> 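Please read through the structure below; I'll follow up with questions.
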2 protein chains.
Amino acid sequence: MLPLVIAAQDRKLVKYVSPIIGTAKMGHTFPGATVPFGAVQLSPDTDTIPYAVDGKYNGEVYRYCAGYQYDDPTIVGFTHTHFSGTGHADLGDLLVMPTVGELQFNPGTEDQPELGYRSSYSHSNETVEPNYYKVVLDDPKVLAELTTSERVGFHRYTFPESDQAHIIVDLKSGIYNYDQKNIWTVVRVLNDSVATGYIQSSGWARTRTVYFAITFSKPFKNYGTSSSREKVPYQGFWRKFDQAKNFPDIAGQKITMHFDFDTKEHEQVQMKVAISPVSMKNALANMDAEIPHWDFDQVKDAGQQKWEQELQKIKVDLLREEDYVNFYTAMYHAALMPTTYMDVNGEYKGLDYEVHKAEGFVNYTSFSLWDTFRAFHPYLNLINPERNADMVSSMMAHFDQSVLKMLPIWSHYANDNWCMSGYHSVSVVVDAILKGVYKGDPHAALTACVQTANARNYEGIGEYIDHGYVPDEVSGTSVSNTLEYAYDDWCIAQLAQHLGVDDVYKTFMHRSENWRNVYDHQIGFMRPKDTKGKFREEFDVLETHGQGFIEGNTWNYSLYVPHNPDALMEMMGGPAKFETYLDSLFTMHLPDKFFANTEDITREGIIGNYVHGNEPSHHVVYLYNTAGAPWKAQSRIRMILENQYHTGHDGLGGNDDCGQMSAWFIFNTLGFYPVSPGSDEYWIGSPLVKSASIRVGEGKTFLIKTINQSEKNVYVKEVKINDVPVTNFKIKHSDIVAGGTLTFVTSNKPVKN
Amino acid sequence: MLPLVIAAQDRKLVKYVSPIIGTAKMGHTFPGATVPFGAVQLSPDTDTIPYAVDGKYNGEVYRYCAGYQYDDPTIVGFTHTHFSGTGHADLGDLLVMPTVGELQFNPGTEDQPELGYRSSYSHSNETVEPNYYKVVLDDPKVLAELTTSERVGFHRYTFPESDQAHIIVDLKSGIYNYDQKNIWTVVRVLNDSVATGYIQSSGWARTRTVYFAITFSKPFKNYGTSSSREKVPYQGFWRKFDQAKNFPDIAGQKITMHFDFDTKEHEQVQMKVAISPVSMKNALANMDAEIPHWDFDQVKDAGQQKWEQELQKIKVDLLREEDYVNFYTAMYHAALMPTTYMDVNGEYKGLDYEVHKAEGFVNYTSFSLWDTFRAFHPYLNLINPERNADMVSSMMAHFDQSVLKMLPIWSHYANDNWCMSGYHSVSVVVDAILKGVYKGDPHAALTACVQTANARNYEGIGEYIDHGYVPDEVSGTSVSNTLEYAYDDWCIAQLAQHLGVDDVYKTFMHRSENWRNVYDHQIGFMRPKDTKGKFREEFDVLETHGQGFIEGNTWNYSLYVPHNPDALMEMMGGPAKFETYLDSLFTMHLPDKFFANTEDITREGIIGNYVHGNEPSHHVVYLYNTAGAPWKAQSRIRMILENQYHTGHDGLGGNDDCGQMSAWFIFNTLGFYPVSPGSDEYWIGSPLVKSASIRVGEGKTFLIKTINQSEKNVYVKEVKINDVPVTNFKIKHSDIVAGGTLTFVTSNKPVKN
């Protein structure tokens, strides 16, 4: 346990965090308030976008994965849940907006904000800090401030004088499919300042209910629903009560609430919104437990202290001030997801739609595993092992509740959306066990991994087992599936070996070789192959779409054998050819037409044909070490760090992907990287730090020192761990968690020996 | 407690029950299987009707309140929940239909059953008994048999030989609004013979979820959903799995499941469906607890034994065989609702959307209180006091969970639909307390009654309190509201007096006089009055609609002062005028145009202008006793018993109204009636029995003997209780529950003394 109170002189790292980074273009981060891994992310949304317009998919949905786009001129409202850095949209629950004047129940448009409750704003009136967001809403002339605890969003609105001050709570709103994804809503107004309810939606999460409790610091004088709200067929009560106004027992599909106040000039009306996945009762209990008072600043400070504790786990000395901003913002972005998914009493709703109690662990949700197995979960294994162990427990609970008997693929809020490919939860589970982080039953974990890997009906797994690869006919992403399954199978084999379960070890080691079956020696690339063993004839090695891969072309994906790069290199013709291949990847000119087809990243997210903004290449630069040219890895790593991350609001070259892009930055800044999670090895790159200290457990610190560090000294002349030379450019997890010192000596010249 | 095993020679009353009575026209009873007050009513539905067609209300919905209309030529399917005798539709959950041949996912039409899964059938192939329903489905040539336990429907289907035998489970179906009321559905197929799930609907119950568990006696070879089922916008999994077939993790708005079998000639496939208001887990637990085997006949027998126990509470000797059928069918119909609304572990979902555990009582739902406060609940106080006490506990729980802080008006499944007028739960609560039946905290009950009666926003209560009547402007049923509120207020006063709470007693005794404020001396009828005290000018004393009353005209409603008939008589001009008024009521000719406007009853439900098929007149015939002409009450009672109830499928003159019509029959057959529940008095009529014995508690029996009983001897010459003459034609509740003998001597001549 970290000390709860941090000495004053140490409280300084939060100031480096700039949550606005990545809020423009495709970073898909949100600027609002949250605590580390908190259940609530209270943040402004700058537009509300339906999934479809005139029955056709509305591509604009993608822009609003996190609800906020820096360049937008209006704020629609403040919502309580947000993904960070995803490539798909959802959440945005419980939109709150203060207004003054005539009641409006719809958001209006960007062009005509006066048609709705949205407001213009200016970045010059905006303050963005960890767990604190402040903005002046120009139209109602309201100062809005937001902060949070784990499960409660805290709003402070400073109103002008008005007898028509309102707080709008638009329960039909939501990111991903405005006004369409909500399928049922309930509101109960318990007294003159408390309301509870739930919203049930079918968005990207197919079946999801968010229970809530709302309290106001001041009694409202009136409340009600939009008069236009959809009526349910004959309900006796319609003629019994005037339900639009001051009627406390509300239900329907599309409900917008208003709460009305008289305000004096500069009067603050505060509001707390607690959420629960289980019940209104639990939402109220969460509120009572976490914020039983109205001291906004206390909540803000407590959250910022939590952030400070989180950031203090790695202290770095860097070359430039902006490097600190990039580093600690990366640490911030790597502590947002997965999010806490249980109430203060431990209850949560499971994948089986039952209420469960998390016994002995914190239950987390929103696992973007295709992204995060690579560096994010290994990063947690180093600095947040308890949380990562709990995340594995959460995945195991998911498995136990799954009627498909599968570990999560891409799960959020007790749903699996089965997004992307592979079954990479096995990588996270195995890595956490082999690194001694997950303390649960490893045999149960192995069973879960094996059953997941044998889910024959899922995405070509049956054919993969039968043929040794996913045939082209079975899946549009047959090659990437094959490569990723092979890696995951290797992970399973590692755990089986560790547990001495020989038959599983042999079966899955055999399966881990399946990458060989989609390599076309003729062209020197991985290539789709049909059931009869024939490679696809029409094939474009640069094109990303429709070529048998997902979020990558074969130039990038052909290097995806992280668990056996030596064999891959041999297959591809040996070290020299391999090195040439890598050189080409980083330096070739990718025609614009291919760029247009590369998902989820900006033009800046690509270096040559190397796509840093998508994950399949995240280990690629280290393959120079395999090729015997580590100096090329070193210089390119420093180039990527410099090139792909900066401190602007558009400072991320692609989706942050729930912390994966940020975890890549952190590892590489420190000088090493987990090329193949499931192994206990980290590969040596080239550090950006002058020095660093990492808390790696009870009182233990791992130190990194770089001698001769400079912007130009990107080459590593010498590496030592505890004064013992590192000869193979690899260090072990045990070297790190034991504490000790990793010493680099850098140089401005490649060291070729 | 009754003995669990009834001696064989006593097992004979079930045979008199004919559940088919009332299934034609407006009886709105259902013929299917259920146990007394069971949560499951498994019964055939003969059509599926949407609430609206082309946006307009479809009056046909009304015909299908109980799902079944005797004259219909096809059966659509068997559903698990049904109201009995209501005038509004809902329920009809989990439609099951066995089919053979091509899969069909919609019901088809009555004219063209071959377009869907429905089937022709014939009443000659139909057997209808308590807890057992059998029919041959002509189209698939399947023999269908149904039985139940409290929470489980048990299906036995005898198939022909086929490799295309199916059991369809249409989860989008439902009574009240076919294909439209379901808002979300989940199905989880756990293995080759078990599925769980839930259906969530917004029908007459605004927000309702039924969880279920289904098991088959034989593994299905395949299963799936309709291919046409509504797709949810982009869900990753659509491209990951073939979800239409053998995919176990299903959710969506409109889902029809099929389970496929190979069957041999005469092969029986059995199916159990358990329901729960709380969770799938609880549904499975209900199944395990109630029917952990596949012995259909055992379940049928156990249920019939429960019915026998219920019927044995009153043993009667009657004049004709058909009288037994009418009597025991009435007892049957008076033991269907309210229904058990909790799982075997006591859990249920409350009006506050939270899961509660019923501690020390059985929680019931579906309270049609405007109907049932009159005779049904008083009837339970006599022969089912434990159940009625639990029903009061259920109402008190409703009150505790109500954000409106009101006792139920017309509640079902944790919703109040606020149907009809008055707040008659107070009558039930008070009657049960004053008769010593409800043992809970009477002061809490009084508080609940008072708060309900002071719910100013409900149906003119505020104005009623302010003006002493509901003004015409405020409500379309201002006069009946006023009259019913005044009676309810008198009930509250009785409880307050009993508890010595003087201020409440005085306040509500004062309110109980409010009936006087809507009596127009000029015309001698109750009449709508506006806020300024002016009676409405245009007023039709025969018309039911739009005249300030609900389900009755002023001819009937002017007599609705059950708590003070003497004062009413005085107001109306004294005994002679009162008697003349009553004579006119029973003998006048009601023009057909008024009949057309009288709800919920057939032409046969009216005698003169006396409307027996609706409830407001149920006490009216006894007012002859007040007028000093009890012989007229006696003959008319016998006439109503003869005229309004018979053994045909159209044997009920109007809706059975959840047992109220049947309870009226039972009381009057026995010779007395609770004219004003909340009082401990029963008024003497004219018995139809030759003799009767009623179990009124631990080992106690109340005997009724009629000397000189015959069809013509409808007049009462003498009444004695325990050999003491009854002089005022009233007996007390304590006289009955003490045990003893009520002796009538009847005659064929009026006894005017």
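Proteins get letters first, then strands, A, B, ... in listed order; numbering begins at 1 in each. All figures in this text were calculated on a predicted structure; none of them were measured in a lab.
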> With a 4.5 angstrom heavy-atom cut-off, is it the side chain or the backbone of B/Leu351 that approaches chain A, or both, or neither?
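The backbone, not the side chain.
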
> Heavy-atom distance under 4.5 Å to chain B: side chain of A/Asn415, backbone, both or neither?
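It is neither, since no heavy atom gets under 4.5 Å.
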
> Answer yes or no: is there a side-chain heavy-atom contact under 4.5 Å between A/Asp249 and B/Trp418?
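The answer is yes, as the side chains (C-beta and beyond) meet within the 4.5 Å cut-off.
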
> I need the minimum non-hydrogen distance between A/Val403 and B/Pro248, along with the two atoms involved.
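Taking A/Val403 first and B/Pro248 second, the nearest heavy atoms are CG1-O, 3.6 Å.
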
> Taking side chain as C-beta onward, heavy atoms only, is A/Thr207 less than 4.5 Å from B/Trp184?
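Yes, side chains in contact.
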
> Report the C-alpha distance between A/Tyr353 and B/Ser279 in whole Å, list the side-chain angles of each, state the deciding distance to 0.1 Å, and finish with yes or no for side chain to side chain contact (heavy atoms under 4.5 Å, CB included).
CA-CA 8 Å; A/Tyr353 306 91; B/Ser279 66; over 6 Å; no

> Select one option (side chain, backbone, both, neither) describing which atoms of B/Gln200 are under 4.5 Å from chain A's heavy atoms.
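Only the side chain of B/Gln200 comes within 4.5 Å of chain A.
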
> In terms of heavy-atom proximity below 4.5 Å to chain A, should B/Tyr198 be classed as side chain, backbone, both, or neither?
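For B/Tyr198, the contact with chain A is made by the side chain alone.
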
> Identify the heavy atoms of A/Glu354 and B/Lys281 that sit nearest to each other, and give their distance.
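Taking A/Glu354 first and B/Lys281 second, the nearest heavy atoms are OE2-N, 2.7 Å.
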
> Could you check which of B/Asn457, B/Ile409, B/Asp352, B/Asn282 has the highest count of heavy-atom pairs closer than 4.5 Å to chain A?
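Answer, by heavy-atom pair count under 4.5 Å with chain A: B/Asp352.
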
> List in chain and number order the residues that pass side chain to side chain donor-acceptor pair (under 3.5 Å) with B/Asp179, two or more places apart in sequence or in another chain; answer none if no residue qualifies.
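Side chain to side chain donor-acceptor pair (under 3.5 Å) check on B/Asp179 returns nothing, list empty.
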
> Is any residue of residues 185-196 of chain B within less than 4.5 Å of chain A by heavy atoms, and which ones?
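Within residues 185-196 of chain B, near chain A: B/Val186, B/Arg188, B/Val189, B/Leu190.
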
